[in-house]
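Let me begin by presenting the structure, written as structure tokens, before commenting on it.
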2 protein chains.
Amino acid sequence: MNSEVSVTVDVVIFALRDDDLQVLLVRRQHPPFEGLWAMPGGYVKPQESLEDAAARVLYDETSVRDVHIEQLYTFGEINRDPRGRVVTITYFALVPAPLVLDTSETRDAAWKSMYNLPTMAFDHHYILDYALKRLRYKLEYTAVGFQLLPPEFTLTKLQHAYETILGISLDKRNFRRRILQAGVIEETGRRTGGEGRPAMLYCFREDAVSEVKTRRLFP
Amino acid sequence: MNSEVSVTVDVVIFALRDDDLQVLLVRRQHPPFEGLWAMPGGYVKPQESLEDAAARVLYDETSVRDVHIEQLYTFGEINRDPRGRVVTITYFALVPAPLVLDTSETRDAAWKSMYNLPTMAFDHHYILDYALKRLRYKLEYTAVGFQLLPPEFTLTKLQHAYETILGISLDKRNFRRRILQAGVIEETGRRTGGEGRPAMLYCFREDAVSEVKTRRLFP
DNA sequence: CCAAAAGTGTTGAAACTACACCCATGG
DNA sequence: CCATGGGTGTAGTTTCAACACTTTTGG
């Protein structure tokens, strides 16, 4: 009954740092691909669901939990791992900016820019490309960008997040009109202090489904 | 290294029969869920990729190959199979109408309407619902409907296919305008005979990517 | 000539893009 | 009072939905 196929989960952990879209990678300590970078991952335990396994991997790397995690794709080519047959269910996680600790750089884990990736182990480069495509796609249609921001944020911050992820610049007025019209965020009443004119702080609307399929948000 | 987790693939095999969207199901001969219906599936062999496994399952059930197959989602809840921990990578396949043989009803396999499903084993009802959602979604944005039709088809047939799958009726003129404008099909020059005025036969354009993301094709 | 199905255009409404200036606050 | 970032409106264009009649063939 056992199919001699190992099952792992790998997690693409996204965060916005310094106006850059970054992923958390670990440097491999052992062959194969020793010294190269890889997505955090691990075997699925018999007593945990796939999503639990992904959450565990995320928590082990970042001490973060209860963030947006979503299944990406399952990879199972025969020779993707030279040690044997491994099927990997990949997830992507969106870690809100304030929870991104500088991940005690002890255990060879580091944030790397999605736009300047190091050489990756296995087929992980391919998987990351796919994850970026999916993130961009979801951003355009479903308004999931909040998940990378603090609970309260300004529209300008939100726009920057979108621009960073999509790799294009957006028109301020059109962006605001559309994102508000989509009805997924609302004013908190609070405002920022500091430089320049104070900005309204917005938050994600709890009663809005995060997966609303809006008409394309951006050009 | 072996994780004590079994890996299977299950395939949602879609076809259009009698102006109805149907799936090929098999009746279970043994416990658990003996006598209930299930999606065709099987263990992934160590020497085949996931997609190969899905193609094999499809071929075993239908003697059809080289059709559109696409990964759907991976299910791995702990108790979805009472016999043990099973992770299932699900695929969906679109079988063009003329290849749908009446599947020698010998081995307890049968086509069932998606709109009137029997009681299903495991979590298969849920999976089928998900597959339908995905198929509809893809249809709206990516023009994959051809895969369920013969190589040459009339616009009316194509429209019927869309209507059957989406469960709504569409305006003839708007449908034609949009589907042609999307540029994924072209005239063959041939026409139908038979009842009424002959209709132009169209075919899928080989040089068009089937996955073109068009602006929403339908309302 | 009649039944059956194919084919075709227009109009009003809504959505989209592009674009430039004034506003509120802190120092 | 000035530097900094926040905030707002419109016009021209494109896209969209709704809708009914004429054409071609076979029997």
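Both tests pass for A:Arg65 against the ring of A:Tyr59: distance under 6.0 Å to the centre and angle within 45° of the axis.
For the residue pair B:Ser49 and A:Arg80, no side-chain donor N or O sits within less than 3.5 Å of a side-chain acceptor on the partner. Side-chain contact check for B:Asp10 and B:His124: at least one donor-acceptor pair (N or O, by modelled atom type) lies under 3.5 Å. Under 3.5 Å, the side chains of A:Ser113 and A:Asn116 contain no donor-acceptor pair of N or O atoms.
Going from atom CD1 of A:Ile179 over to atom P of C:dC16 covers 13 Å, rounded to whole Å. The distance from atom CE of A:Met200 to atom P of C:dC23 is 18 Å, rounded to the nearest whole Å. Whole-Å rounding puts the A:Leu170 CG to C:dT17 P distance at 10 Å. Rounding to whole angstrom units, CZ of residue B:Arg173 and P of C:dT8 are separated by 12 Å. For B:Arg177 and D:dA18, the CZ to C1' distance is 10 Å, given to the nearest whole Å. Spacing between atom CD of B:Gln181 and atom C1' of D:dC16 amounts to 11 Å, rounded to whole angstrom units. For the pair A:Glu195 CD and C:dC23 P, the computed distance is 21 Å after rounding to whole Å. Computed from coordinates, the A:Ile168 CD1 to C:dT17 C1' distance equals 13 Å when rounded to whole Å.
Not a single donor-acceptor pair, N or O on each side, falls under 3.5 Å between the base of C:dA6 and the side chain of B:Arg176.
Listed nucleotides D:dT24, C:dT25, D:dA20 differ in distance to A:Pro198; the shortest reach to its side chain belongs to C:dT25. Minimum atom distance to the side chain of B:Asn174 is reached by D:dC19, of the listed D:dG6, D:dT10, D:dC19. Picking from C:dA20, D:dG7, C:dT17 the nucleotide with the shortest atom distance to the side chain of A:Arg178 gives C:dT17.
Summary of the strand contacts: A:Asp171 and B:Arg197 both lie near DNA chain D, and taking for each the nucleotide with the nearest heavy atom, the more 5' one is attributed to A:Asp171.
Proximity of B:Thr156 to the phosphate of C:dA6: a side-chain N or O atom is located under 4.0 Å from OP1 or OP2.
In this structure, B:Phe204 and B:Phe146 have tilted ring planes: the angle between them lies in the 30° to 60° band.
Here A:Gly194 lies in heavy-atom contact (under 4.0 Å) with sugar-phosphate atoms only.
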